[in-house]
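The structure appears below as structure tokens.
Every chain is numbered from 1 and lettered A, B, ... according to where its sequence line falls, protein lines coming before strand lines.
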Amino acid sequence: MAAGVWFRKCLRLHDNEPLAKAAASGLDVIPFFILDPHFDKSRVGVNRFNFLLQSLQDLDQQLRSRKSRLLVFRGQPEQVLAELFSGKAPLRLSAVFWEADTEPYARARDARVLAMAKEAGVQAEQFSGHTLLDIDATIWKPGFKPPISMKSIQAIVNAAGPFRAPLDVPKIPPLKVEGHQVPAISELYDDEPTSQGFPGGETEALARLQRVCSDAEYVRCFEKPKTASTGRPGCPWEPSTTGLSPYLKFGCLSVRTAWYAIDRCIRGKSHSQPPQSLHGQLLFREMFYLLGAAVPNFDRNEGNTMCKVIPWGDDEHLLAAWEAGKTGYPFIDALMRQLKQTGFMHHLGRHAVACFLTRGDLWQHWTAGRDVFDRLLLDADWALNNGNWLWLAGVAPFSAPYFRIYDPCPGPKSSLNAEQTGEFVKHYVPELKNMPAKYLYKPWTAPLAEQKKAGCVIGQDYPQPIVDHQRAREENLAKFKAALDSKGGVLPAKFGGAKGDPGPMSTSAYTSGKGGKGAGRKGGKRHEVPEAEASDSRKIRRWGKKLDDTLAGG
DNA sequence: GGATCCGTTGTAGCT
DNA sequence: AAGCTACAACGGATC
């Protein structure tokens with residue numbers, strides 16, 4: 001008899017509780033993954049699927065170096081597991097362990113598997129591990145309220161106490177079974193993966209974490225809104241952030257391991273704070289996981305207390321141009337082509353293209369953009385992706401005010417932090433590679449002679465702007481306001497989920513009150529140590545400059 | 001119960 | 001050059 005370890009996310013050996021439990025059971029251990037036909041080409045782009053297969057390869061290699069291996073089965077999970085529950089040795093399971101997954105598809109599937117296991121007399125157990133918090137335990141606690149701000153998620157996390165330390169890799173009994181290899185991507189997809197810089201797997205995940213944390217000052221001073229949407233100077237395809245998100249999505253990296261590695265860098269020294277710090281990023285991840293699990297219909301427009309209903313348009317032509325990176329707005333197009341080509345986009349880039357598709361310019365439904373991201377992003381994660389689209393469409397209570405619309409042609413003062421030499425745009429939109437920098441974000445303003453000289457005539461070699469931004473912006477602001485005024489944007493919030501009525505939740509946008517960016521926020525009583533804060537921002541500025549120099553030099 | 005503060009990340013235009 | 005204002009004006013938390 002054997003204990004199965006069902007890998008789904010959690011594609012790692014470190015800090016893997018199901019694996020530790022199986023290894024401690026005294027039974028043989030069968031590590032396996034099931035390639036579920038549900039996740040087909042319509043749902044998963046070739047780059048993410050390749051990332052998954054690389055992660056499985058890495059897992060297999062690591063297990064083999066420990067005299068075990070990974071078995072990859074294909075088919076519907078319920079069917080495969082039914083066979084493993086009733087099959088012949090050595091592939092018959094008397095126990096199976098996995099990491100809990102709170103996404104709706106996984107939840108329904110796992111409930112069926114738990115029932116099957118009970119029926120078959122197989123011990124089945126799942127362990128919380130993908131998040132810092134035990135999501136289900138948290139949302140069922142009396143008095144739980146869905147967090148919609150950094151303060152509220154911090155309160156929840158603080159109340160939960162310190163997270164357990166990451167677990168060591170257990171001693172795994174040897175396994176000798178033939179077949180069930182990790183397939184090659186060419187067996188499953190016709191097109192070739194095109195991603196760069198993000199090889200899947202735990203080995204790379206830990207190496208990347210190591211690289212990030214070897215620069216403790218970078219970790220201490222990290223402020224997300226100050227990182228560049230257009231990558232690193234000189235190599236715009238490299239993220240200006242840590243690039244750890246795909247590894248967290250698949251659990252190649254344990255979030256606890258990441259949390260404590262960051263903690264070691266910042267402990268005892270002055271450091272940036274949530275929400276902008278690296279810990280803040282992980283806290284947002286927790287917040288969206290809680291919302292995804294606690295809010296019914298979190299991925300929908302209707303029946304979703306976190307979503308104001310806005311009469312979005314439905315124009316296939318606009319959506320297709322956006323997805324293809326052919327809107328005629330070079331910054332938007334470069335970002336969308338980066339997404340398609342590499343599977344990665346900086347968070348602020350996601351702000352720019354999501355705002356452009358929805359309330360900013362094209363007035364298309366946020367779920368349409370959500371689906372494109374869900375397919376193409378290496379780090380596409382159901383709760384985070386939905387949460388971010390709700391945020392950016394301006395329909396969630398945690399959204400920025402709807403009238404804060406990003407300029408799709410960001411200048412040097414824009415909070416999108418887009419570099420001004422145009423190297424990012426030129427890299428992903430090669431039609432524009434000879435366009436002078438001063439016209440790069442608005443090439444239609446270049447005189448025809450300049451366009452010809454650059455070999456890029458607008459309307460021929462590169463599209464005209466698909467909409468007039470100033471006009472679209474004003475029209476959309478008016479439509480959004482009208483929808484709010486008519487109360488069409490407010491739902492009665494009367495659909496209780498399986499859990500108790502979470503209570504009427506906010507469904508409106510907010511404004512920041514008077515003052516521009518950051519104005520009027522200093523000097524409040526929240527900032528008890530203004531000196532430390534000032535020294536932090538000095539450090540951060542110094543650091544930013546140093547980073548720029550280093551990267552420019554290298 | 002009313003007032004006040006606050007919310008990761010807008011932009012243009014002015015001084 | 002950095003800092004202010006206009007734009008339009010929500011709702012949760014706290015006092």
Ignoring the backbone of A/Lys145, work out which of C/dA8, C/dA13, B/dT8 is nearest its side chain.
C/dA13
Look at A/Lys413 and B/dG10 and indicate whether a side-chain polar atom (N or O) is within less than 4.0 Å of OP1 or OP2.
no
Separation of B/dT11 atom P from A/Asp407 atom CG, nearest Å, is 6 Å
Take the protein atom CD1 of A/Ile405 and the nucleotide atom P of B/dT11, then report the distance between them rounded to whole Å.
10 Å
Rounding to an integer number of Å, can you tell me how far A/Phe403 CZ sits from B/dA12 P?
15 Å
Nearest listed nucleotide, side chain of A/Gln276, among B/dT8, B/dG10, B/dA12:
B/dT8
Keeping to residues at least two apart or across chains, list the side chain to side chain donor-acceptor pair (under 3.5 Å) pairs with something in residues 374-384 of chain A.
A/Ser245-A/Asp379, A/Tyr289-A/Asp381, A/Glu323-A/Arg375, A/Arg350-A/Asp379
Report yes if at least one side-chain N or O of A/Ser149 is closer than 4.0 Å to OP1 or OP2 of B/dC6; otherwise report no.
no
Decide yes or no for A/Asn388 and A/His347: does some side-chain heavy atom of the first lie under 4.5 Å from some side-chain heavy atom of the second?
yes
Establish, with yes or no, whether the OP1 or OP2 oxygen of B/dT11 is under 4.0 angstrom from a side-chain nitrogen or oxygen of A/Ser414.
yes
A/Tyr402 side chain N/O closer than 4.0 Å to the phosphate oxygens (OP1, OP2) of C/dA8?
no
Quick check against the 3.5 Å criterion: does A/Asn476 have a side-chain atom that pairs as donor or acceptor with the backbone of A/Asp361?
yes
Could you state the atom-to-atom distance from NZ of A/Lys442 to P of B/dT11 in whole Å?
12 Å
Distance-only donor-acceptor check, side chains A/Thr421 and A/Glu419, under 3.5 Å:
yes
Atom pair distance, as rounded to whole Å: CD1 in A/Ile148 and P in B/dT8
9 Å
Value in whole Å for how far the P atom of C/dC10 lies from CG of A/Leu484:
9 Å
Output the rounded distance in Å from CZ (A/Arg473) to P (C/dA8).
10 Å
B/dT8 base stacked by A/Phe284 (centroids within less than 5.5 Å, tilt under 30°):
yes
Distance between the P atoms of B/dT8 and C/dA13, in whole angstroms?
12 Å
Looking at A/Arg267, I'd like to know if its CZ atom is crowded, meaning that more than 12 non-hydrogen atoms belonging to other residues, nucleotides or ligands lie closer than 6.0 Å.
no
Counterpart residues, ring-ring contact (aromatic ring centres under 6.0 Å, His included), relative to A/Trp363 (two or more places apart):
A/Trp312
Specify the separation, in whole Å, of atom CG of A/Asn417 and atom C1' of B/dT11.
14 Å
I'd like the C1' distance from B/dG1 over to C/dC15, given in whole Å.
11 Å
Without hydrogens or angle criteria, can the side chains of A/Ser229 and A/Asn417 be said to hold a donor-acceptor pair below 3.5 Å?
no
List DNA chain C stems (3 or more consecutive Watson-Crick/G-U pairs, under 3.5 Å)?
B:2-7 with C:10-15, B:10-15 with C:2-7
Among the nucleotides B/dT8, C/dA13, C/dG3, whichever has the atom closest to the side chain of A/Pro275 is B/dT8
What's the gap between B/dC6 and C/dC4 when it is taken at their P atoms, as a whole Å value?
16 Å
Taking all non-hydrogen atoms of both residues, which atom of A/Ile135 and which atom of A/Ala293 are closest, and how far apart?
CG2-CB, 3.4 Å
Is any side-chain nitrogen or oxygen of A/Arg404 closer than 4.0 Å to OP1 or OP2 of B/dT11?
no
Considering only atom C1', compute the distance from C/dA9 to B/dG7 and round it to an integer number of Å.
14 Å
